[in-house]
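Here's the structure we're looking at; comments come further down.
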There are 2 protein chains.
Amino acid sequence: MRATVIHAPRDVRSETRPDAAVVEPTDAVVRVLAACVCGSDLWPYRGESPVREPRPIGHEHVGVVAEVGRDVRAVRPGQVVVSPFTYSCGHCAHCLAGVQTSCVVGGGVNGCQAELVRVPMADGTLVAVDGYDAASPPPDDVLRDLLACSDVMGTGWHAARAAGVREGSSVVVVGDGAVGLCGVLAAREQGAGRIVAMSRHADRQALARAFGATDVVEERGEAGEQAVLGLTDGVGADAVLECVGTGQAMSTAFAVARPGATVGFVGVPHGVEVPVRQMFGRNVGLAGGVASVRAYLPTLLPKVLDGALRPGAVFDTELPLEQAPEAYRRMDARESVKVLLRP
Amino acid sequence: MRATVIHAPRDVRSETRPDAAVVEPTDAVVRVLAACVCGSDLWPYRGESPVREPRPIGHEHVGVVAEVGRDVRAVRPGQVVVSPFTYSCGHCAHCLAGVQTSCVVGGGVNGCQAELVRVPMADGTLVAVDGYDAASPPPDDVLRDLLACSDVMGTGWHAARAAGVREGSSVVVVGDGAVGLCGVLAAREQGAGRIVAMSRHADRQALARAFGATDVVEERGEAGEQAVLGLTDGVGADAVLECVGTGQAMSTAFAVARPGATVGFVGVPHGVEVPVRQMFGRNVGLAGGVASVRAYLPTLLPKVLDGALRPGAVFDTELPLEQAPEAYRRMDARESVKVLLRP
């Protein structure tokens, strides 16, 4: 099969590898319909996390089940499935509590920027998509929406849930990457009354508005914080989604949160110091983390299928799988918000 | 009137001062029935916060309204009232949202270890107690319960609320001071199924059990964390109340929280570094802060009056107001959990 392999920082290649196969009786092998490049794939690409040896890469995909191990019950060959970016057993205490990312035997799905991918613990991981199968796969627009659910839409949804977005809430979204944009969409779908997107880029601002942002703040730092406070009568927002992970983004998130609010954070923290005295004095909470996408798929997929949720617009670029190196280059250079790869 | 004045670290005196009086038309003057010494009163006493000049001290009291300014509508002379430790206007955005501690014109009640105390913004601050008045004041046991509501019970309640305690939750309470003990009581009243009190002192363990603790863990640090995990099948607790404010207490709180749980913190943070990467990876949230006791009094007082909530047992020592210096000495030496002062 053709697969994407990272050899070293800035050295991503499309290669021929042995076909993915069932190893454990609980595995499934999925024929990938579409995969994509994640912001977190850029860490090894940029040398921010180590690449000790060449390894397959990619953790977001939608596909058709090609083969299942003998113990798999929940999915069968021919079904169209969405995979979260982590696999999970489905029956440990953490899975049952909806925190599948903490599954005691789970781990990260890997190597799906390829024609085939092995998914461990298929029963606890994959979610079948009603209405489509190998013979009648989803049309392109639905495929894009489904693919977004494998990570960024679920992550944006988690940010909004963690921040406690409610009917009528005023919401600020810090970060205009694919996750932040999906956070805007999640906030809208969860009933937010006002959504302020903090974004400096015209194309992303337009997408944020299409996703439900009622206001856009271009400034960063203190000027951005003042702008948000100005929009909220000096009170601050009911809920804040932190979708970046830098110290400045977190600082802005806390500054624009009203007393009693929660910052829902899904940006992997890099150099973040949590302002605990400020949190204490103003009763601003911090919740979130790595999104348990598996827990949200049963909510998200029906919304996608009935058209209520259309996150696929975050894919502003589509390339054949063979051009994965170009996909990484474009994402790294911020020429694309998010690139879809099609085997 | 007689009043307690702090002159310098370890120099607290009972003195004669001018009677408290109505200054603003929204003020009330309350004749104190009972006041008490707070853990936070020990900061200036221990020199941990500065004492720049002699000043009256005390912020927890129950009393009878003696006089009100001309704009006060919600309380009238003769009523028995509980005062939160902060005053608040009652109608700004933060008060209306139940975060009266962030009231845009509010501040700290002060100087109530005295015969009389001036309470600003009486309408937004004081809560009248049904069934009692100047002619028939509450009996001693009820008085103690009411007094606990002016701070420690409201603060323990806040910790449990912030931690998301629900029917059947497994709860860990870190800290066995008056607030931690009230946290145990709050968790029980909010429906917790199992309550682990972390306490090394036999008398406080006994009180924790009387308040509803089902288990006591004596160890601290890693040994304590392992003990709690042992009690929860290695999963961790559904909700954790951090009622100390030190780095070690916070670290323990996060270590015993299950993935997806929230640490409710009400201990004023001193030297706390929030483990943000651990929070992210395990989806453990942090919420709480200075308790908006005013928001909880309408819930707490009926429970006290019908006997469902009896937090008064945290007062293990009672002294006449004149002996305030001895009260500070006892609290500082940890000879008393909490001292009630009676004018």
Side-chain angles (χ1 to χ4, degrees), chain A residues 86 88 92-104 106 158 161-164 170 232-236 238 242 245 247 250 254 257-292 295, chain B residues 86 88 92-104 106 158 161-164 170 232-236 238 242 245 247 250 254 257-292 295:
Chain A
T86 58
S88 48
C92 72
H94 304 318
C95 282
L96 293 175
V99 194
Q100 286 92 336
T101 48
S102 289
C103 173
V104 294
H158 187 50
R161 274 272 171 265
S170 61
T232 55
D233 297 327
V235 170
D238 298 332
E242 194 287 299
M250 190 66 91
F254 278 108
R258 68 183 289 166
T262 302
V263 172
F265 79 127
V266 292
V268 185
H270 284 81
V272 165
E273 213 168 290
V274 177
V276 66
R277 293 295 293 238
Q278 183 192 5
M279 288 178 71
F280 185 88
R282 302 180 66 238
N283 274 280
V284 176
L286 180 65
V290 55
S292 194
Chain B
T86 57
S88 47
C92 72
H94 304 318
C95 283
L96 292 175
V99 195
Q100 286 91 338
T101 47
S102 289
C103 172
V104 294
H158 187 49
R161 275 271 171 267
S170 61
T232 54
D233 297 328
V235 170
D238 298 331
E242 195 286 300
M250 190 65 91
F254 278 108
R258 69 182 291 167
T262 303
V263 172
F265 80 127
V266 292
V268 186
H270 285 81
V272 166
E273 213 169 290
V274 177
V276 67
R277 292 296 291 240
Q278 184 191 3
M279 289 177 71
F280 186 87
R282 302 180 65 239
N283 273 282
V284 175
L286 180 63
V290 56
S292 193

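The chains referred to below are lettered A, B, ... by the order of the sequence lines, with proteins before strands, and numbering in each begins at 1.
Side chain of B/Asn283 to main chain of A/Ala291: no donor-acceptor pair is present (N/O by atom type, distance under 3.5 Å, no hydrogens or angles).
Ranked by heavy-atom pairs under 4.5 Å with chain B, the first of A/Val290, A/Val272, A/Val276 is A/Val290. Ranked by non-hydrogen atom pairs under 4.5 Å with chain B, the options A/Ser102, A/Ser292, A/Gly288 are led by A/Gly288. Interface summary for chain A: among B/Gly245, B/Ala93, B/Gly264, the most heavy-atom pairs under 4.5 angstrom belong to B/Ala93.
Interface remark: B/Val104 contributes no atoms to any contact with chain A (heavy atom separation under 4.5 Å). Looking at A/Thr101, the atoms closer than 4.5 Å to chain B (heavy atoms on both sides) all sit in the side chain, from C-beta outward. The parts of A/Val268 that come within reach of chain B are both its backbone and its side chain, each placing non-hydrogen atoms under 4.5 angstrom from that chain.
Closest non-hydrogen pair, B/His94 versus A/Pro259, comes out as CE1-CD, 3.3 Å. Between B/Gly267 and A/Phe280, the shortest heavy-atom contact is O-CE1, 3.6 Å.
Listed by first and then second residue, the side-chain hydrogen bond (donor to acceptor under 3.5 Å, both in side chains) pairs involving residues 263-275 of chain B amount to none (not counting sequence neighbours).
For B/Asp238, the side chain to side chain donor-acceptor pair (under 3.5 Å) criterion is met by B/Ser170, B/Arg258, not counting sequence neighbours.
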